[in-house]
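It should be emphasised that the depicted structure is a prediction, and the values quoted were computed from it without experimental measurement. For ligands, and for the atoms within them, numbers begin at 1 and follow the listed sequence.
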Amino acid sequence: MVVSFRVPPRHVYVHVPFCARRCSYCDFAIAVRSRVPWDEYVAAVAAELDVRALGVPRVSVDTIYLGGGTPSRLGPEGVTQLMEVLTSRFAPAESAEITLEANPDDIDALSLAAWQAAGVNRISLGVQSFDDRALAWMHRTHDSRRVIAAANALREAALENWSLDLIFALPASLQRDWARDLDAAIALAPPHLSLYGLTVEPHTPLARWRDRGAAVEGTEDAYETEYLRAHHALRAAGYVHYEVSNFGRPGRWSRHNRSYWSGASYVGLGPAAHGFDGTVRRWNEREYSAWRRVLETGADPVSGSESLTDENRIAEEVYLGLRTTDGLPVRAEEQDVIRPWVDVGWAMLDGDRLRLSAMGWLRLDALAASLTAVRSR
Ligand code: SF4
């Protein structure tokens, strides 16, 4: 299936599936490889662009996001070649945001110089914690020393736009000190931070540990306490909590992610990548080998698609509107649903725009569901 975009997409996501090993909590589509076949992978991305007739004619794009997996495992040469393939089809606008997700182990002066020369101007650093015991439990390949070395390398490379990921709500048995981790993150002065609460996904090492009683999930209370602690600490340090899981300094909010939250169309390339043309959402073969095999036959690696129904559209509009500080325009007849949220401090009404507080974001799914139900009647 070749998707024709009614409006040319201005955002490109590329899934790079390679990881050194699987983190204990991770259910992403990854390919564990000790040696990354970057040349084979880049050739397959080029084949996908051909098969799907994307980037013809060469269109201007505002963001390119290399996510994963661990895109930094492509190394200097792999990222350079991948960017060459992408920019032969898409023309990054002068101010385009080009992000590479990186593990701290892969960051050094040489790689950074090559990535910057290839056009990368934003790094998203998968840190997760500064507690070496917690990092080992997560099966992360780095320790806290590597994080600090990576942050220093970013500073020396004058890379001004970067983000740091942390995970909260770890099992209490790990005795991870969340306040200490937040302080350590703030001390590195990243322009942007993303925080994710740990959830136990099926078929992960963590789910197996839980099922045999070797790990106990963090409680909902701990989740809420740590989320709110982060909200207050990061705001006090000058960050804007602009989306459920994201904090940024002014001018450093993730433009690529904001395109998803605003319902913009985007191209998705690589195994398991999703794309959206404004009406139809499509997703690729999940496994790296399956995705490549399909491309070798000259076929489109799509494995599924769905058209948004009116109900889907309403649900997306509500959910996406409520998850950012942009908020959601609401109507007079919705006041009865909204008023109780405002009264308890879960939301604020500013004219006709409803914005959730951090307490509200903790209940986002439930609040969005009630408003969607009203709008779908
Ligand atoms: S590095 Fe990221 S994508 Fe890879 S296994 Fe760990 S969490 Fe999953």
Side-chain angles (χ1 to χ4, degrees), residues 13-38 41 45 65-75 78-79 82 99-108 111 115 122-144 146-147 149-151 162-171 174 176 181 185 190 192-210 215 217-218 245-246 254 256-257 268-274 283-291:
Y13 173 79
V14 188
H15 189 76
V16 185
F18 308 109
C19 290
R21 59 174 155 165
R22 186 173 284 278
C23 296
S24 57
Y25 52 85
C26 178
D27 72 339
F28 291 172
I30 64 163
V32 173
R33 296 283 187 281
S34 51
R35 185 202 151 267
V36 172
W38 61 261
Y41 168 78
V45 171
Y65 194 101
L66 310 182
T70 315
S72 55
R73 296 208 76 235
L74 292 174
V79 171
L82 178 59
T99 304
L100 174 90
E101 285 184 355
N103 265 356
D105 332 42
D106 298 327
I107 303 255
D108 57 37
S111 300
W115 297 338
R122 184 171 184 271
I123 295 281
S124 175
L125 198 61
V127 171
Q128 318 315 350
S129 176
F130 292 83
D131 177 326
D132 288 341
R133 227 166 57 92
L135 288 169
W137 177 86
M138 289 185 224
H139 289 178
R140 300 294 299 183
T141 53
H142 64 268
D143 59 15
S144 55
R146 290 305 302 247
V147 175
W162 63 283
S163 182
L164 182 156
D165 285 2
L166 290 177
I167 293 186
F168 66 97
L170 296 182
L174 287 174
R176 184 265 199 107
D181 267 5
H192 186 277
L193 293 103
S194 299
L195 309 187
Y196 301 101
L198 184 77
T199 52
V200 183
E201 303 300 334
H203 314 301
T204 56
L206 180 52
R208 288 193 289 279
W209 299 345
R210 181 199 53 194
E217 285 173 70
S245 309
N246 288 284
S254 164
H256 184 82
N257 287 340
L269 298 165
H274 283 228
W283 49 93
N284 277 351
E285 288 287 350
R286 181 178 162 92
E287 299 305 325
Y288 173 61
S289 48
W291 169 76

Side chains of Glu101 and Thr99: do they bring a donor and an acceptor to under 3.5 Å? no

Aromatic plane relationship, Trp291 with Tyr41 - under 30° parallel, 30 to 60° tilted, over 60° perpendicular: tilted

Within 4.0 Å of some non-hydrogen atom of Arg140, the atoms of ligand 1 are 1 (S), 6 (Fe), 7 (S)

Mind checking the OG-CZ spacing from Ser34 to Arg73? Nearest 0.5 Å is all I need. 7.5 Å

Kindly indicate whether the side chain of Phe168, heavy atoms from C-beta on, has any atom under 4.5 Å from the side chain of Ser129. no

Below 30° counts as parallel, above 60° as perpendicular, anything between as tilted: where do the rings of Tyr13 and His256 land? tilted

Once rounded to the nearest 0.5 Å, what's the spacing between atom CG of Leu135 and atom OG of Ser144? 7.0 Å

For atom 4 (Fe) of ligand 1, which protein N/O/S atoms are closer than 2.8 Å? Cys19 SG

